[in-house]
2 protein chains.
Amino acid sequence: MVSDANGNSVKNIKSLQAIQTEVQGSNRIALSVDCVIFGFDENKLKVLLIRSDLKKYQSRWSLLGDLVGGKEDIHDAAYRILKERTGLDDVYLEQVHTFGSVNRHPAGRVVTVAYCSLINVQHHKLKILDNELHWHDVNSVSDLAFDHQEIFEACYKWLQKRIQEHPLGFNLLPKKFSLRDLQNLYEAILNTKMDRRNFRKKFFSMDFLIDIDEMEQDVPHRPGKLYKFNFEKYAKKKKKWVGIDF
Amino acid sequence: MVSDANGNSVKNIKSLQAIQTEVQGSNRIALSVDCVIFGFDENKLKVLLIRSDLKKYQSRWSLLGDLVGGKEDIHDAAYRILKERTGLDDVYLEQVHTFGSVNRHPAGRVVTVAYCSLINVQHHKLKILDNELHWHDVNSVSDLAFDHQEIFEACYKWLQKRIQEHPLGFNLLPKKFSLRDLQNLYEAILNTKMDRRNFRKKFFSMDFLIDIDEMEQDVPHRPGKLYKFNFEKYAKKKKKWVGIDF
DNA sequence: AAAATAATGTGTTTATTTTACACATTAAAA
DNA sequence: TTTTAATGTGTAAAATAAACACATTATTTT
C-alpha cells in the first residue's frame, strides 16, 4: 500500500507500462462493425443485405460488416464498410448497440458494434454488381446469418422510436419531397396508418418545412407541393422538456 | 468467381477456417467496460468514482472499468466489475454506448463499452475500504481521467432521457418510498422543479404505485404514505404509441 | 368537351392531456 | 395550546391531440 501526496492510501497504482502490458495481453478480442442499412423505395422500408461470405452460411443473408482495424476508429470503420461494399458515401450513420455474447460468431470471439444507416435510394446510385447485395422488404426479413436477425430487429425498433423524436427520416427521402411522401415514410416505418390532415397539421406546426414553391412532376394525379427540411433551423432549436410517461 | 446452387455468381466465399484466421489475426483489440454508477443520497444524484489506477493519472478520478475477458460476455464483464470493485450484486445495469476513438486511452488501443448502473445506496452496503472509491455529486464532476468525462456526460444525458420513459428510477430508491422521495429523485436527475400536485396526479394516473398502507417513520414533519412500484403490472403493459415530436 | 375520378389543401369540433393554482388536514415543533 | 411545515385533494384554464367534412385541382374517362 502506498500513499499519495495527500497522505491517502491508494491501492493498485500501476505504471503506464504495466497497463500497456495488460492491454497488449492475451485477451484481446476481434471487434467488428455491422451496418443495418435502411432505404425507402416504392413506399416500402427496405434493408440492404448481403449474402454471407461464410461458406457454411451461404444460403443466408447477413448484414454488411467487417472487422475494425487496429488503428481505426469504430465510426470510421462503419463509414469504410459502407463505402467499400456499396460505393455509398456521405450517408447518415449512428451507433445503436454493441453485441458481445461469447458465442455469437462461429469463427470465434467477435464483439460487434451495430450501426444504423439511412440512405436515399433514389439519389445514391448503389452499385449492386452481382447478386451479393439485395434490398429486402423489412417485413420479410427472417433467418439471417449468425445473430444478425437479433441485431436487425434491435436496429429496426431503434429506428421506429428514433424517427418520432428526431428528424432523421429525411435522410431516406429526396431533398425535395411532398407531404404525402413524408407520411408514406412514417407509415412504412411505424407500420401504421395516420390521419392525413392531422399529420400535415403536426408537421406544419413544428415549422421546419420550407415551402420551395415547386410542385410534383409526372404524378398521375393532382400534384402536391414540394418541401425541404430546414436542418439549420432544427439545429438551433433548444430541446424541449418532455414529460414523464411510461 | 464461383456460383451458388441457383447459378448466381457469388464473390468472396470464405471457408470457416479463413474467417477464423482473420478473427485471430493481428488487429485484435483490447476491449473494456466502464460503469457509470449512479446513486441517490440526501436528495442528491451521485456518481461513484475511483482514483485512476494509472500512476500518471493518480490525481484524477475515473469510472470503474476493466478489460473484458476473452471468453467473457460484455454484460457479464460489467457485472463482474461491479461485484469485484464495490461488492455490489444484483444491481440495475444497462448498456449505453461504445467509445472507440483510436487514442482515447494512453496505454494503447482500447475500445470501451459504457454501462449505466443504478444502485440503492441505502440498501447496498458499499464497501468503501479506503479512499479509492468515492461518491461524487454529479454537478461537481469534472476533469475525469482519459475520456471518462465524455462517457460520464453521455450516460448522465442518457439517464435524464431514459428516466422519463422507463421506470428505472426506482432502482435508486428503497423498495418503499414516499411520493416526496420520488419527486426529489426526478428533480435531482432532471435538475428542475416540478409542481407537487401535478407530479402526484401523473404518477397516480399511470397506476403503477401500490399503496402499502404504511407511513414514513421518524420524519420531522407529517409522515407521508409509502408506496411500492408494481414492476409486474408494468411488465404486462403494452407499449403505447407515442407521437411525432421533435 | 364534359363528366367522373382521385388526389391535394384547409378547416372545425370534440376529447384528452397538461398546466396553473388554493385550501383543508395532519403531525411535529414551539 | 398555538404555530409551523409538511401531506393530501380538487378545480379551472390552456394546450394538445383526435375525429371528422368539404371545396379545389389536375388527370382520366366517357
Side-chain angles (χ1 to χ4, degrees), chain A residues 42-43 161 163-165 173-174 176-188 190-229 237-246, chain B residues 42-43 161 163-165 173-174 176-188 190 192-228 237-246:
Chain A
E42 292 173 328
N43 292 334
K161 180 168 153 50
I163 201 178
Q164 298 183 60
E165 301 171 348
L173 293 175
K176 303 170 181 182
F177 52 85
S178 70
L179 269 157
R180 165 59 53 195
D181 294 331
L182 190 59
Q183 184 172 348
N184 285 339
L185 175 69
Y186 272 84
E187 290 185 343
L190 298 176
N191 196 34
T192 187
K193 289 286 175 193
M194 297 172 180
D195 183 275
R196 189 173 55 87
R197 292 157 290 186
N198 292 337
F199 183 87
R200 293 166 76 89
K201 211 183 311 178
K202 185 73 203 171
F203 266 95
F204 286 140
S205 73
M206 284 195 274
D207 212 28
F208 292 125
L209 295 183
I210 304 171
D211 183 341
I212 56 172
D213 206 41
E214 288 182 49
M215 308 296 278
E216 288 180 299
Q217 303 289 331
D218 307 314
V219 284
H221 53 73
R222 174 179 174 187
K225 290 178 118 180
L226 294 178
Y227 297 87
K228 286 184 182 176
F229 184 77
K237 184 187 191 247
K238 74 176 167 75
K239 296 293 174 286
K240 73 204 165 310
W241 216 230
V242 285
I244 300 165
D245 201 12
F246 47 80
Chain B
E42 292 173 329
N43 292 335
K161 180 168 154 49
I163 201 178
Q164 297 183 61
E165 302 171 348
L173 293 175
K176 302 171 181 181
F177 51 85
S178 70
L179 269 158
R180 164 60 52 194
D181 294 332
L182 190 58
Q183 183 171 348
N184 286 339
L185 176 70
Y186 273 83
E187 291 184 341
L190 298 176
T192 187
K193 288 286 174 193
M194 297 171 180
D195 183 274
R196 189 173 56 89
R197 291 157 292 187
N198 292 335
F199 183 88
R200 293 174 151 260
K201 211 184 311 177
K202 185 74 201 171
F203 267 94
F204 286 141
S205 73
M206 286 196 274
D207 212 27
F208 292 125
L209 296 184
I210 304 170
D211 183 341
I212 55 172
D213 206 40
E214 288 182 48
M215 308 296 278
E216 287 179 299
Q217 303 289 332
D218 306 315
V219 285
H221 53 74
R222 173 180 174 184
K225 289 178 118 180
L226 294 178
Y227 297 86
K228 286 185 182 176
K237 183 188 192 242
K238 73 174 166 77
K239 296 294 173 286
K240 75 203 164 308
W241 217 230
V242 283
I244 299 166
D245 200 12
F246 48 79

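Only this structure's heavy atoms are used, side chains among them; waters, hydrogens and symmetry mates stay out. In what follows, every chain begins at residue 1, and chains take the letters A, B, ... in the order their sequences are listed.
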Non-hydrogen atoms of A:Glu216 and A:Ser178 that approach each other most closely: OE2-OG, 3.4 Å

Residue-level proximity of residues 196-212 of chain B to DNA chain C when a heavy atom falls under 4.0 Å: B:Arg197, B:Asn198, B:Lys201, B:Lys202

Please list, pair by pair, any protein nitrogen or oxygen found under 3.5 Å from a nitrogen or oxygen in nucleotides 26-30 of chain C.
| unit_1 | atom_1 | unit_2 | atom_2 | d |
| --- | --- | --- | --- | --- |
| C:dT26 | O4' | B:Arg222 | NE | 3.4 |
| C:dT26 | O4' | B:Arg222 | NH1 | 3.4 |

Please test B:Lys161 against A:Glu165 for side-chain contact (heavy atoms from CB on, under 4.5 Å), starting from the C-alpha separation and ending with a verdict. CA-CA 12 Å; B:Lys161 180 168 154 49; A:Glu165 301 171 348; 2.8 Å; yes

Which pairs pass salt bridge (Lys or Arg N to Asp or Glu O under 4.0 Å) with one or both residues in residues 205-215 of chain B, sequence neighbours excluded? B:Lys176-B:Glu214, B:Asp207-B:Lys233, B:Asp211-B:Lys225

Carefully, step by step, assess B:Ile210 and B:Tyr227 under the rule side-chain contact (heavy atoms from CB on, under 4.5 Å). CA-CA 5 Å; B:Ile210 304 170; B:Tyr227 297 86; over 6 Å; no

If you pin A:Asp195 and B:Arg180 to their nearest nucleotides in DNA chain D, which one's is more 5'? B:Arg180

Paired and unpaired positions of DNA chain C as dot-bracket, Watson-Crick or G-U wobble under 3.5 Å, | denoting a partner strand: ||||||||||||||||||||||||||||||

Classify the ring geometry of A:Phe246 against B:Phe208: parallel below 30°, tilted from 30° to 60°, perpendicular beyond 60°. parallel

Closest non-hydrogen contact found for B:Leu190 with B:Met194 is CD1-CE, 3.5 Å

Contacts of type side-chain contact (heavy atoms from CB on, under 4.5 Å), residue A:Ser205, not counting sequence neighbours: none

Contact interval (first through last nucleotide) of DNA chain D with protein chain A, 4.0 Å heavy-atom: D:dA17 to D:dT27

Smallest separation among heavy atoms of B:Leu173 and B:Phe177, with atom names: CD1-CG, 4.0 Å

Steps toward side-chain contact (heavy atoms from CB on, under 4.5 Å) verdict (B:Glu187, B:Asn43): CA-CA 9 Å; B:Glu187 291 184 341; B:Asn43 292 335; over 6 Å; no

Walk me through it: do B:Phe199 and B:Lys202 pass the test side-chain contact (heavy atoms from CB on, under 4.5 Å)? CA-CA 5 Å; B:Phe199 183 88; B:Lys202 185 74 201 171; 5.8 Å; no

Looking at every non-hydrogen atom in both residues, tell me the closest pair between A:Ile163 and A:Tyr186 and how far apart they are. O-OH, 3.0 Å

Please say whether more than 12 non-hydrogen atoms of neighbouring residues, nucleotides or ligands are located less than 6.0 Å from NZ in B:Lys193. no

